[in-house]
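In this chain, residues are counted from 1 in sequence order. Every heavy atom of this structure was used, including side-chain atoms; hydrogens, water molecules and symmetry mates were not. Predicted, not measured: the structure shown is a model, and the values here were computed from it.
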Amino acid sequence: MKRNRWIYAALVAVCIGLGLASRWFREYLPAFLGAYAGDTLWAMMVYFLFAFLLARRPVWLVSLCALVFSYGIEFSQMLHAPWIDAIRATTLGGLVLGQGFLVSDLICYAAGIVVALLIDTLIEGLRRRGAPPKRRNRYL
């Protein structure tokens, strides 16, 4: 399988936009979405970023990389060295590295990666469906 990188770049951008919107407009969302949509979309963005980078790799490997990366970021939030807290104090650093460890974030990350995996599988299915059938070599 070879993923179309343009599609995955667009999906990364969509996840970033929706994730930022879920933070900016949290008070207009139902409480559950306001609390968990941002983290779930962040994990989806991580999945699509890995799908972009690992365009020829299977979904299980992309999922594993996204999960390890996401969980690694979350567990790093238990570390409070001055240098990493200084990075987290910036807007971009806070968005990427987060602020504090939460078990609920781990659940959101797993859910987001599962949703992204399903979207990736759907895209691949649609791509295969639209592809012309492979010709068989009748002499083999």
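A distance of 12.0 Å separates CD1 in I73 from CG in D105, rounded to the nearest 0.5 Å. Rounded to the nearest 0.5 Å, atoms NZ (K2) and CD (E124) are 11.5 Å apart. If you take CH2 on W60 and CG on L67, they are separated by 13.0 Å, rounding to the nearest 0.5 Å. Atom CG in L54 sits 11.0 Å away from atom OG in S63 (nearest 0.5 Å). L118 CG to I113 CD1: the interatomic distance, rounded to the nearest 0.5 Å, is 12.0 Å. Taking CH2 of W83 as the reference point, atom CZ of R88 lies at 8.0 Å (rounded to 0.5 Å).
P82 places none of its side-chain heavy atoms less than 4.5 Å from the side chain of D85. By the 4.5 Å heavy-atom criterion applied to side chains, C108 and M44 are not counted as neighbours. Counting heavy atoms from C-beta on, the side chains of S22 and L33 never come closer than 4.5 Å. For the pair L11/I123, a side-chain contact is recorded, criterion being any heavy-atom separation below 4.5 Å from C-beta on. With contacts defined as side-chain heavy-atom distances shorter than 4.5 Å, the pair T40/V115 does not qualify.
No continuous path of hydrophobic side-chain contacts links L53 to W6 [ILVMFWY only; heavy atoms under 4.5 Å]. There is a path of hydrophobic side-chain contacts, each under 4.5 Å, that joins L92 to L20. Connection of I84 to W42 is established within a shared hydrophobic cluster, with ILVMFWY side chains joined at heavy-atom distances below 4.5 Å, either directly or through further cluster members. The hydrophobic cluster containing L64 does not contain I107, counting ILVMFWY residues as joined when their side-chain heavy atoms lie under 4.5 angstrom apart, directly or transitively. A single hydrophobic cluster is not seen to contain both V114 and Y36; linkage of ILVMFWY side chains at heavy-atom distances under 4.5 Å, directly or through other members, places them apart.
Here the closest non-hydrogen pair linking Y47 and A66 is CA-CB, 3.7 Å. Taking both residues in full, the closest heavy atoms of L106 and F101 are given as CD1-CZ, 4.0 Å, listed atom of the first, atom of the second, then distance. The shortest heavy-atom contact between H80 and Q77 is NE2-O, 3.0 Å. Shortest non-hydrogen contact noted between R57 and V62 is O-CG2, 4.2 Å. Taking all atoms of both residues into account, the shortest heavy-atom contact from R3 to V59 is NH2-CG1, 3.6 Å. Of all the heavy atoms in L41 and C15, the pair that sits closest is O-CB, 3.9 Å.
For F48 and F52, the ring centers sit 6.0 Å or farther from each other.
A perpendicular orientation is assigned to the rings of Y71 and F75, their planes being inclined by more than 60° (bins at 30° and 60°).
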* To do: Give the intermediate values and the outcome of side-chain hydrogen bond (donor to acceptor under 3.5 Å, both in side chains) for residues D120 and Y8.
  => CA-CA 9 Å; D120 192 10; Y8 291 88; 2.3 Å; yes
